[in-house]
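Just so it is clear, the values below take in all heavy atoms, side chains as well, and ignore hydrogens, waters and symmetry mates. The structure presented is a predicted model; accordingly, all values stated were derived computationally and were not measured.
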2 protein chains.
Amino acid sequence: MGHSKVEKAESHERIVKVAAGVFRELGVDGISVADLMQCAGLTHGGFYRHFGSRDDLVAEAVERALKDGSAVADAVAANPRSTIDAVVDAYLSLAHRDNVASGCAVTALANDVARSTERARSAYSLQVGRYVDLIMRLIEPMPQKKRRAAALAALATLVGAVSMARAVNDERLSREILKSAADDLKARLA
Amino acid sequence: MGHSKVEKAESHERIVKVAAGVFRELGVDGISVADLMQCAGLTHGGFYRHFGSRDDLVAEAVERALKDGSAVADAVAANPRSTIDAVVDAYLSLAHRDNVASGCAVTALANDVARSTERARSAYSLQVGRYVDLIMRLIEPMPQKKRRAAALAALATLVGAVSMARAVNDERLSREILKSAADDLKARLA
DNA sequence: ATTATCTATAGATCTATAGATAATGC
DNA sequence: ATTATCTATAGATCTATAGATAATGC
């Protein structure tokens with residue numbers, strides 16, 4: 001039974017981190033407060049010392065998921081020698097398709113966020129903007145005018161392809177979706 | 001209190017129809033059996049004479065939503081003079097974005113289906129195949145070899161754009177997503 | 001003294017079932 | 001006689017709260 005301010009901050013961090021993963025995997029309504037707290041190594045009674053309500057955690061966890069889910073993209077952005085092809089291949093990889101809990105939340109939480117609080121939707125909107133900016137920088141050779149529109153359309157292709165690849169239960173079709181989207185994107189952004 | 005076989009079939013139909021809409025709008029876990037039955041004008045006790053379990057209704061309602069949601073696409077497919085531009089404009093319209101309950105279930109149910117039964121996922125896979133076939137027919141001028149890949153990538157763009165347009169709470173950005181995707185699709189499929 | 005966490009539980013809600021009621025259909 | 005629907009409720013689960021416990025930090 002830890003009690004210091006440091007330990008409380010660590011508990012809070014652990015709850016949000018667990019929720020950010022589980023919400024992406026099982027949906028925002030896919031797990032109870034009690035089960036979440038157990039996953040974080042705590043009992044459910046302590047929950048309300050950290051959050052005013054379940055919705056408060058949802059908002060904070062969505063923000064966290066959006067940040068965490070762009071880890072790969074952030075790494076790419078930090079390296080000036082990165083290419084758009086590398087981003088496309090990473091986003092449309094089998095690894096990303098199969099690891100929802102650590103993957104991009106713009107895809108994993110799209111439907112949940114559309115039904116969620118303004119706070120969650122604002123965080124989502126900001127993250128979309130960040131992705132668009134990243135893609136724009138990576139396709140600079142393209143004429144300036146159409147660059148933002150092309151980046152938005154490219155992001156839509158990435159998100160839609162991974163969404164469908166996860167929903168179908170035909171492995172061959174799933175891979176075909178990812179590969180077709182990747183080939184198409186590389187060709188049109190080159 | 002109706003009791004004929006015809007009336008039972010009508011009740012069943014009404015429950016599935018209501019569920020197909022509400023599940024798209026609120027998510028598969030977004031409404032209780034009792035509330036669904038009330039929406040269908042029945043009391044919740046009668047539910048289990050129609051379905052073995054809630055999951056059975058989910059599977060049937062997902063199948064129905066996938067069929068209903070392609071109504072516009074089906075109409076386009078039936079008319080030999082239809083164009084790919086008409087499909088793109090309809091799919092990426094504000095009307096489609098704002099009417100989730102009657103819209104395309106490949107977008108609205110993607111995340112729920114990924115976590116659902118094999119039956120629901122099979123229905124989803126089939127519907128993806130139907131959309132791809134439809135788009136392929138509409139872009140016949142394109143060289144045969146790349147047609148299927150282009151159709152899959154186009155479908156991904158449609159699905160991703162509507163998903164994001166619904167999740168963001170910035171109306172300007174939402175419209176920009178739809179318009180950018182539409183312009184990009186029309187240009188690359190021409 | 002304060003507070004982070006725990007145990008226990010209240011109150012609401014959800015799925016599913018039991019038994020009653022009122023029609024249909026042989 | 002059969003059955004579609006209704007009322008009522010059992011049993012499980014979920015969010016949130018109350019009060020106890022055990023550590024921190026003045």
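In this structure, CG of A:L42 is placed 20 Å from P of D:dT21, rounded to the nearest angstrom. In this entry the distance linking NZ of A:K5 with P of C:dA4 reads 9 Å, nearest Å. If you measure from atom NZ of A:K8 to atom C1' of D:dA22, you get 16 Å, rounded to the nearest angstrom. Distance A:R49 CZ to D:dA20 C1': 12 Å, rounded to the nearest Å. In this structure, B:E10 atom CD and C:dT24 atom P are separated by 13 Å, rounded to whole Å.
Side-chain contact between B:M142 and B:I84 is absent, with no heavy atoms from C-beta onward closer than 4.5 Å. Between B:R115 and B:V28 the shortest side-chain heavy-atom distance does not fall below 4.5 Å. Contact check for B:T83 versus B:L138: no side-chain heavy atoms found under the 4.5 Å cut-off.
Where pairing requires Watson-Crick or G-U contacts shorter than 3.5 Å, the helical stems of DNA chain D with at least three consecutive pairs are C:1-24 with D:1-24.
Heavy-atom neighbours of A:E13 CD from other residues, nucleotides or ligands within 6.0 Å: above the threshold of 12. Within a 6.0 Å sphere centred on NZ of B:K5, heavy atoms belonging to other residues, nucleotides or ligands number 12 at most.
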What does nucleotides 7-17 of chain D look like as a protein-contact string, B for base, S for sugar-phosphate only, - for none, at under 4.0 angstrom between heavy atoms?
BBB----SSBB
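Note: A:I15 CD1 to A:F51 CZ = 5.0 Å, rounded to the nearest 0.5 Å.
Taking a cutoff of 4.0 Å between a charged side-chain nitrogen and a carboxylate oxygen, A:K179 and A:D183 qualify as a salt bridge. Comment: A:E10 does not engage A:K17 in a salt bridge, judged by the lack of any side-chain N to carboxylate O separation of less than 4.0 angstrom.
Taking 4.0 angstrom as the limit, A:S11 places none of its side-chain polar atoms (N or O) nearer than this to OP1 or OP2 of C:dA4.
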